[in-house]
Structures are given as C-alpha cells and as structure tokens.
Amino acid sequence: MKPAPFSYALPRTLDEALELLHEYGSEARILAGGQSLAAMLNMRLATPKVLIDIAELPELQTISRRCNHVEIGAGVTQAELMAWPELADTQPLLTMILPHVGHYQTRQRGTICGSLAHSDPSSELPLALALLQGEVVLRSKRATRTVAASDFQTALMTTDVGDDEMVVACRFPVADGNRQFGFREITQRHGDFAIVAIAAHSTENGVRLAAGGVADVPAAIDWPRLSDRDLSDALNDFAWQLGGNDDVHATARYRRDLVRRIGRTIALEVIDAPA
Amino acid sequence: MRLLDADSRHTIRFQLNGKAVEGVAAPRMLATDFLREALGATGTHAGCEHGVCGACTIRLDGKAVRACLLYAVQLEGRNVQTVEGLAGHDEELSAMQTAFRKHHALQCGFCTPGILMSLSQLLEEEPGADEARIRDCLSGHICRCTGYHGIVAAALEVFEAHRRSGGESGRERTDV
C-alpha cells in the first residue's frame, strides 16, 4: 500500500502547471484533493512519473454564478461548495447530493472537478453532471475547450481529457425555479460508493432521470408524463439498457431492480411535488 | 515552482502541534509514515492506507483529513495537529479524551486518534451538532471493537457541555 516513486511538482501558476503537463504528457497526473488519486497511487493502480499538485493554485479557487450556470474551479473542495451560501438557490440537486459524496473528512480535500475527472461510475457528481447537462472546461498549453457532460465520460473511468489537458472548471446550469429535484442512493454505509444512485428532475412535460452505479458511465433519459403502467415499462427498459455487472457488493439483477424501484419513487416524487 | 525529484529525499518544514519541526522524505512517502517514522509521532495510526478506515485522520490547517492520502511533501509550510496535540501542556486530557475514557469509547484504541481529530474540528465549527450530525461525521471512521454507542455518548456529552458553557469547552485546546 505504498505508491511507486514519483516526482512532485508544485507550480505557482496555472501556466506553469500547463507547461509541465505539456512537457510530461501521459507520464504526469494532476493532483488536486487526491481523495481518489492518492488511493489509486497507494494501490499502484496508477504509477505516474510526475504528480502536478494544483490544489492551491489561486486561479482555480473560485465559485462564480454567471447568468445561466455556476462555474466551479478545479481547486474548489466538496466541503467548500457545500458551504457556499448560494448553492441551494442556484442548484438544489447539488445540495441534495453533496452530503453523500464521501465522508466529512474526504470532502475537506476532495474537489468537485477531481470527482468528475476520476469518473467513477457510481459517484454522485458525474451523475449530477449527466442529469443536469453540465459542462467541463479543459485547458492545455495549446487551447481551452468546453466538453458537454454527454461527451466527457467516454467509457468506464475514462474521460475525454487529453494527455496534455487538465480540467480547470466545471459548469452546472442554474436551476429553473419551477423544476423539482430528487435524489436517492443505496449504499452499504453512508458515504460509501453507491450500489445504485438515482437523480431526477421534472421537465416541462415530464421527467428527466439519471442512474449511476449500473452502466460504465452515468446515463440520463427523458420521458414525457407517463401513465403508471407506462412508467413501469419505461423504467424496465431503462434498467435493461443499463445492464450492470455482478460484483462483490451486488448482482446486476439487484442493481436493475433498484433502478426500477428507486427510479419509480424518485420519478413520482418530482412529477407530483407541488411547484 | 518546486520540482522534487522522485529519487531524492527532501527537507520538509512545518508546524506540528504548534512546534516548528523538520524531516526528510522522498515524494512518495505518505504523511502517515512521515509523522510516525521520520518524526516519531506515532499517535497517528496507519490502517487501510487508502482513505477508508479513518485511523490516520489528522488536522491540516484546521481541517480533519486523511493523512494516508497526503504525501509528506504536501505538509511543507502547513499547520498540522495530531492526537498528541489535544492534551494540555500539563498532559491533562482534553474534554473529549476525558469523556472517551468515562464512556468506554475505546477498547483497543486503534481508531481513537483519528476519531478525536474529526470530533475536535466538528466541535469547533459546529458546536450545535446533534446526534445525527455527529454520527454522520463518525461515518468516516471504522471501529472494529467497541462499537459506536460509547463514542457517540462521549461526543454528545462534550457537545452538550460545550453548549451549556456558551462555547468555552474547558480543557479543549483549539488554537493549535
């Protein structure tokens, strides 16, 4: 449980960090809070030559509300976003999910963008990004580009981030005041990785629902207002479409059943809630 | 920019429980191993070494964090508090430590240092925390022998006393 040797770089500016990334490419890894990466290093699932520590870079510490989205810098911790006074008004889903992201102790170093970059299929922040159709801002020495949530996670724990790119911010849309939001997850212990996590919000004519923990990446789907029976059929189709795998925590069959049952509860909750 | 070579050992200077300390470590050395082996501060325990069990929890600039997910080189210039810093200079136990003893909140004691560090931050920042909030904070720790009832009872007693005294928590040291 000790990491393989690596060199440690502490750039003072974002430009210095991007220069290092340009130089080392795939041999470097960006270190922010380290709450997923350090565990992977300790287990030698990752063996980079250089760690580039960006946790304290002043350019990456801001949470800013623009007209239709909130932008969260790559140095912002999960605890800092939870404590942001405007969060509940800006995006209620984030207020709902953040207490489930890791534990009190890991949220104080773990970052929002780091969780997205790590892209564990059962973690809550990628699920929220998929449901809300947020964006991730990537930067390299060459250019800056913005990637939509649906294009960001390309496969199991794999993202669209290039070897010389880093996540500098993510964006979540500001919630429409008429939308209702719902979230629930099943875990072995509060704060553990979800066996299945479901998030949903009402839409103009129905519901948008997303599931994590089943497929390799979180998946979202839109439905019009459905009859009771059609909702059950739609959830069943969605569960089979997600598939899922057996592992030490749960079988694929149990996961699909959770999608049907929790999915139904949350869908009805957001559709029926008074605006 | 600091660039610390993988194969060399580097001098790291920081504040440990209010005192300036220094030691040498290669970049890959975990903060837990550095505290224990380079500095002899063995109160911080190394358990799972991947952030799950909570035994290694320390306070870094006041925040309760996993020392096994930190590297020694990241402590440079920081303010670190470990379980050794909770008791007073006269070695009198803190209010929380006293309550742990009273309520049999520890048996083998392996998880205890980490739990004390988490609760010390919670007490400082959220003295109004209720049982649910205390249990939520404790969910980041695993105790395999005592069970959690004694730990929760001890914490509740200290939070209650802290509230009654209007924020003065007796021997609890909060400034390092």
Side-chain angles (χ1 to χ4, degrees), chain A residues 1-13 15-17 19-20 23-24 27-28 31-45 47-53 55-57 77 79-80 83 99-100 102-110 114 187-193, chain B residues 1-8 10 25-33 46-54 56-74 76-78 114-115 117-119 121-122 125-126 129 132-142:
Chain A
M1 303 299 285
K2 311 292 179 193
F6 54 78
S7 297
Y8 171 84
L10 187 68
R12 291 194 202 292
T13 63
D15 284 343
E16 278 185 3
E19 188 63 47
L20 280 166
E23 188 182 338
Y24 290 98
E27 294 188 327
L31 173 68
Q35 301 303 285
S36 303
L37 180 59
M40 289 179 70
L41 294 171
N42 292 0
M43 291 189 270
R44 302 201 181 195
L45 296 171
T47 53
K49 278 205 171 141
V50 185
L51 280 189
I52 304 171
D53 188 345
E56 305 296 327
L57 287 181
T77 65
E80 284 164 353
H100 298 270
H103 298 280
Y104 178 78
Q105 299 81 3
T106 60
R107 288 193 295 265
Q108 311 210 50
R109 276 195 73 75
T187 54
Q188 290 200 317
R189 183 179 62 144
H190 177 82
D192 284 359
F193 282 113
Chain B
M1 175 172 51
R2 285 169 73 210
L3 183 56
L4 305 180
D5 177 62
D7 301 322
S8 313
H10 309 273
R28 71 170 178 143
M29 187 177 226
L30 303 182
T32 35
D33 293 333
C48 72
E49 296 189 326
H50 63 287
V52 176
C53 79
C56 68
T57 302
I58 60 170
R59 291 183 68 183
L60 180 71
D61 294 334
K63 304 291 183 192
V65 301
R66 307 291 201 225
C68 74
L69 299 182
L70 277 173
Y71 298 103
V73 290
Q74 294 180 285
E76 176 72 34
R78 302 296 201 108
I115 293 178
M117 300 323 289
S118 288
L119 288 174
Q121 186 193 345
L122 191 70
E125 294 183 357
E126 301 175 39
R133 179 63 176 141
I134 290 168
R135 285 185 181 273
D136 176 48
C137 174
L138 291 173
S139 77
H141 294 274
I142 294 175

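Just so it is clear: chains get the letters A, B, ... in the order the sequence lines come, proteins before strands, and each one is counted from 1. Since this is a predicted model, take the numbers as computed values, not measurements.
If you tally non-hydrogen atom pairs under 4.5 Å between each of A:N42, A:L37, A:L41, A:T13 and chain B, the highest count goes to A:N42. Considering only heavy-atom pairs separated by less than 4.5 Å from chain A, the leading option among B:L3, B:L69, B:L30 is B:L69. Interface check for chain A: of the options B:R2, B:H50, B:K63, B:E76, the most heavy-atom pairs under 4.5 Å are formed by B:R2. Comparing A:Q105, A:H103, A:Q35, A:E56 by how many heavy-atom pairs each has under 4.5 Å with chain B, the most go to A:Q105.
Within the 4.5 angstrom heavy-atom criterion, only backbone atoms of A:A4 (N, CA, C, O) approach chain B. Within the 4.5 angstrom heavy-atom criterion, no atom of B:A26 approaches chain A. Heavy atoms of A:I52 lying under 4.5 Å from chain B are absent altogether. Heavy-atom distances place the side chain of B:L60, and not its backbone, under 4.5 Å from chain A. For B:T57, the part lying under 4.5 angstrom from a heavy atom of chain A is the side chain only. Both the backbone and the side chain of A:M1 come within contact range of chain B, each with at least one heavy atom under 4.5 Å from a heavy atom of that chain. When heavy atoms are compared at a cutoff of 4.5 Å, B:Q74 approaches chain A by way of both its backbone and its side chain.
The closest side-chain heavy-atom distance from B:Y71 to A:P3 is below 4.5 Å. Side-chain atoms of B:T32 and B:I58, non-hydrogen and from C-beta on, never get closer than 4.5 Å to each other. Taking 4.5 Å as the limit, every side-chain heavy atom of A:F6 sits out of range of all side-chain heavy atoms of A:E27. Residues A:T106 and B:R66 meet the side-chain proximity criterion, which asks for heavy atoms closer than 4.5 Å.
Qualifying ring pair (Phe, Tyr, Trp, His ring centres under 6.0 Å) partners for B:H10, counting only residues two or more places apart in sequence or in other chains: none. Every residue two or more places apart in sequence or in another chain that forms a salt bridge (Lys or Arg N to Asp or Glu O under 4.0 Å) with B:D33 is listed here: A:K2.
Under the 3.5 Å distance criterion, the side-chain polar atoms of A:S7 are matched with a main-chain donor or acceptor of B:A6.
Contact detail for B:A67 and B:A31: the closest heavy-atom pair is O-CB, 3.4 Å.
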